[in-house]
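Throughout, a chain's letter reflects where its sequence line sits, starting with A, and its residues are numbered from 1.
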4 protein chains.
Amino acid sequence: MAVARSRKGSPKGEPAKGGGFDRRGQLLAVAAELFATQGYSKTTVRDIADAAGILAGSIYHHFDSKEAMLDEILRELLSGLHERFAAIEGRDDDPRATLSELVRASFAAIDEAPHAVAVYQNESGNLAREEAFAYIGAYSARIEKIWLRVLTAGQASGVFRPDLDVKPTYLFIRDAVWSTVRWYRPGGRLRSEAVADHYLGLLYGGLL
Amino acid sequence: MAVARSRKGSPKGEPAKGGGFDRRGQLLAVAAELFATQGYSKTTVRDIADAAGILAGSIYHHFDSKEAMLDEILRELLSGLHERFAAIEGRDDDPRATLSELVRASFAAIDEAPHAVAVYQNESGNLAREEAFAYIGAYSARIEKIWLRVLTAGQASGVFRPDLDVKPTYLFIRDAVWSTVRWYRPGGRLRSEAVADHYLGLLYGGLL
Amino acid sequence: MAVARSRKGSPKGEPAKGGGFDRRGQLLAVAAELFATQGYSKTTVRDIADAAGILAGSIYHHFDSKEAMLDEILRELLSGLHERFAAIEGRDDDPRATLSELVRASFAAIDEAPHAVAVYQNESGNLAREEAFAYIGAYSARIEKIWLRVLTAGQASGVFRPDLDVKPTYLFIRDAVWSTVRWYRPGGRLRSEAVADHYLGLLYGGLL
Amino acid sequence: MAVARSRKGSPKGEPAKGGGFDRRGQLLAVAAELFATQGYSKTTVRDIADAAGILAGSIYHHFDSKEAMLDEILRELLSGLHERFAAIEGRDDDPRATLSELVRASFAAIDEAPHAVAVYQNESGNLAREEAFAYIGAYSARIEKIWLRVLTAGQASGVFRPDLDVKPTYLFIRDAVWSTVRWYRPGGRLRSEAVADHYLGLLYGGLL
DNA sequence: GATGAATGAGCGTTCATTCAT
DNA sequence: TATGAATGAACGCTCATTCAT
């Protein structure tokens with residue numbers, strides 16, 4: 001798999017024309033939903049085209065390949081995520097507040113782009129081995145470092161328990177939080193912030 | 001997709017002959033590994049056959065279809081899991097001990113059959129919608145009930161915090177625990193029981 | 001076997017474009033010839049594609065399946081045949097003239113679409129048992145009734161021998177007439193109308 | 001297709017052992033029935049083996065190939081048929097009696113070996129082009145000559161109409177008679193001899 | 001931009017056949 | 001004789017992609 005990074009059609013991902021209809025954006029949204037619900041490899045280019053009301057061949061006027069669509073979805077998600085997390089860390093609050101904000105930002109991301117997050121959850125494992133998607137690993141590593149710094153700082157300042165390894169603690173939090181994308185339904189009984197509060201409550205205070 | 005449940009070849013899943021070589025078992029193991037690492041739909045029957053050292057067509061001497069292999073992998077995992085969990089609940093220990101055992105049993109399952117668990121994690125979401133895999137939802141529901149009963153009993157007996165909804169608490173634990181299959185490597189730095197202890201420590205006592 | 005009846009490509013079976021080349025029609029003609037000469041199940045999709053000068057996969061741009069091609073060939077033949085026979089019966093000539101016309105129309109059909117008729121002769125027996133081809137039996141029954149009505153009317157009016165069961169008489173005529181497709185070659189020594197005349201002469205006057 | 005003519009197993013097609021069970025004969029009967037009802041190429045070796053209660057591979061202890069079974073079925077039918085027809089012609093009766101006997105012998109053959117006759121009807125057209133089945137054409141030609149001699153002799157002696165070409169007359173009779181195998185069911189309403197009488201009555205006297 | 005026809009590689013599966021046991 | 005595992009070629013079909021219009 002090799003991804004041509006040329007962004008066909010209108011540059012910068014902006015709508016094609018002033019009053020026009022953003023076909024690129026529509027295709028990306030449709031693709032994200034299908035990739036999330038059916039899986040990337042079970043989703044055909046025709047599926048995407050059908051859902052968008054065009055023919056399969058026409059997709060190639062907007063994107064170089066099916067993989068390029070996946071690439072754009074994941075890249076947008078990860079860069080946005082990293083940007084948010086870096087901004088939160090940059091605010092230089094105390095570690096507990098920072099950790100809380102990281103968790104809340106994660107839930108907000110799931111709320112805003114559940115399909116993209118689901119695609120990331122489901123596909124990144126296999127994708128990361130491919131050269132074209134090496135940036136996934138790079139982003140993940142940078143994001144992981146942010147979380148680890150916060151946890152370490154919290155232990156150093158005495159606000160977090162010192163007897164726990166930060167690495168598995170991070171993985172514990174990360175997995176619990178991001179896995180919610182599999183069952184969380186925007187508009188369902190549990191609102192996103194409520195789940196965030198519940199998880200933070202359990203995380204901080206423990207079950208006992 | 002329709003799965004013929006006939007178990008071709010030797011019955012009861014036992015090795016074909018006394019001193020013989022269990023080709024069925026080998027194929028199942030190979031398939032589980034490939035399904036886990038590449039995804040079910042990206043794994044071809046030829047991949048499985050190649051890894052097992054036979055030709056693709058020969059697989060059909062042992063299994064009705066590629067899907068039947070997936071079916072057998074998942075069914076075995078889920079029935080075994082349910083059996084273990086039910087046995088633990090049946091011991092009628094106090095809720096905290098029971099919960100600990102459930103968590104430890106989960107980690108043990110990941111340790112013993114990491115590929116099957118990974119397949120379940122990655123594929124069950126889309127599979128559950130298919131009639132032939134309805135049993136996945138059935139098993140999941142029965143397992144969930146066991147966990148919810150333990151959490152509820154723990155709250156009633158005062159050992160678990162009463163202010164937390166048991167449902168999201170269950171999901172929190174379940175997702176954190178099962179997600180470890182994505183990064184846990186048997187034989188790696190962290191041994192399975194160590195991760196279990198760490199997770200239980202964090203879960204019970206909280207981060208603060 | 002299930003036949004999706006969607007008529008892919010251009011609707012109504014008409015040529016795709018004004019000055020265009022009717023690939024659908026070509027494929028159907030090629031398929032009919034191969035089905036007739038090699039048998040349906042011995043004819044591969046690649047055979048058809050090769051004979052049409054395209055790749056096997058391209059067939060599926062025009063038809064849902066190999067079976068859908070067979071379906072269309074048979075449906076067209078049978079509906080046309082029934083239409084002709086019904087029109088002849090509707091003219092309300094005397095029974096002998098009507099019977100003669102039915103026989104001549106049958107020979108004309110063989111002359112015009114020998115491949116389709118041969119396919120019908122060779123495959124309909126096994127096909128009729130399949131649900132997707134139930135219409136074969138339906139058409140056959142309606143056509144049979146036309147012939148039986150004519151024979152019965154001829155006996156009632158005294159023009160046909162009254163001592164013969166109409167059913168085996170019908171089968172005798174039908175089989176003798178339609179079997180000619182197996183040896184009749186358009187453009188051969190015996191012209192179609194000549195065979196029709198010969199058969200009618202023998203049928204009406206007898207051998208003695 | 002090349003048919004090895006070696007007759008595996010017991011020679012001369014006789015039962016394997018004195019008091020034994022004739023597996024060869026059983027397989028041939030089963031194969032004839034399946035070839036007749038499903039078609040030769042849609043019948044798998046496994047179908048035959050299943051119906052006979054053995055495994056597919058075991059068939060090859062009795063026959064060299066699937067094609068060898070077809071070969072034996074057709075050869076037996078054709079040699080028997082030719083033998084009967086030649087014997088009838090050899091009796092040197094008057095042409096009308098001889099023709100009647102040929103027709104009756106044909107119906108008797110259908111009655112006795114309907115599956116073999118059906119296989120011949122359905123498959124011989126395509127088979128005749130293959131070298132290994134050239135004997136089909138040879139037998140057919142010898143049989144045709146017998147019928148043509150009888151018809152010619154009948155015309156010469158004034159008992160048959162002189163204005164009809166013998167060739168199409170022969171084809172007319174042959175096709176009408178042999179086609180009955182497609183609908184004639186031994187044990188049905190119409191007994192074989194009754195159909196023969198009906199057909200002879202129609203053939204000799206005509207419909208008018 | 002979009003269409004629709006075509007490509008070419010590959011997929012899951014079937015099946016006649018072989019052969020060691 | 002029969003079994004059961006395996007072969008290897010082929011089959012119907014799918015799909016990402018290309019391209020002339």
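- B:S41 contributes no side-chain N or O that, together with a main-chain N or O of A:S41, makes up a donor-acceptor pair within less than 3.5 Å.
- With a 4.5 Å cut-off on side-chain heavy atoms, D:Y40 and D:L127 do not count as touching.
- The phosphate of E:dG4 has neither OP1 nor OP2 within less than 4.0 Å of any side-chain N or O from C:H61.
- Applying the 4.0 Å criterion to OP1 and OP2 of E:dT13, one finds that B:Y60 has a side-chain N or O inside that range.
- Checking F:dT7, F:dT3, E:dT13 against every side-chain atom of B:V45, the shortest atom distance belongs to E:dT13.
- Side chain of B:R75 to backbone of B:Y135: no donor-acceptor contact under 3.5 angstrom is found.
- Atom CZ in C:F63 sits about 15 Å away from atom P in F:dG12, given to the nearest Å.
- Considering only the side chain of B:K66, E:dT13 comes nearest among F:dA5, E:dT13, E:dA16.
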Practice problem: Output, in order, the C-alpha distance, side-chain angles, deciding distance and verdict of side-chain contact (heavy atoms from CB on, under 4.5 Å) for C:Y120 and C:I73. | Solution: CA-CA 9 Å; C:Y120 173 69; C:I73 290 164; over 6 Å; no

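- The interatomic distance linking C:D64 (CG) with F:dT14 (C1') rounds to 13 Å, in whole Å.
- Considering only side-chain atoms of C:T44, the nucleotide from F:dA2, F:dG12, F:dA6 that sits closest is F:dG12.
- If you find the closest nucleotide of DNA chain E to C:L27 and to A:G57, the one lying nearer the 5' end belongs to A:G57.
- Between B:I54 atom CD1 and E:dT13 atom C1' the separation is 14 Å, expressed in whole Å.
- To the nearest angstrom, C1' of E:dA2 lies 15 Å from CG of A:D50.
- If you check F:dG12, F:dA6, F:dT7 against the side chain of B:H62, the one that comes closest is F:dA6.
- E:dA20 is paired with F:dT3 under the criterion used here, namely a Watson-Crick or G-U wobble arrangement in which both key atom distances are under 3.5 Å.
- The side chain of A:A56 has F:dT17 as its nearest neighbour among F:dT17, E:dT17, F:dC13.
- Note on A:R23: a side-chain N or O is less than 4.0 Å away from OP1 or OP2 of E:dA2.
- For the pair C:R24 CZ and E:dA6 C1', the computed distance is 16 Å after rounding to whole Å.
- To the nearest 0.5 angstrom, C:K42 atom NZ is 12.5 Å from C:L34 atom CG.
- Residue order along DNA chain F, read from the 5' end via each residue's closest nucleotide, puts B:I59 first among C:D47 and B:I59.
- Following rounding to the nearest Å, B:L70 (CG) and E:dG12 (P) show an atom-to-atom distance of 13 Å.
- Taking atom CE on A:M69 and atom C1' on F:dA16, their separation rounds to 13 Å, with Å as the unit.
- Side-chain N/O atoms of C:R46 and base N/O atoms of F:dG12 include a donor-acceptor pair closer than 3.5 Å.
- Regarding B:D22, its CG atom lies at a distance of 16 Å from the P atom of F:dG4, rounded to whole Å.
- Side-chain atoms of A:R46 do not come within 3.5 Å of backbone N or O of A:A56 as any donor-acceptor pair.
- Within 4.0 Å (heavy atoms only), A:T43 reaches sugar-phosphate atoms of the nucleic acid but no base atom.
- For F:dT3, the OP1/OP2 oxygens have a side-chain nitrogen or oxygen of D:S58 closer than 4.0 Å.
- Base engagement by D:L55 is indicated by at least one non-hydrogen atom pair under 4.0 Å involving a base atom.
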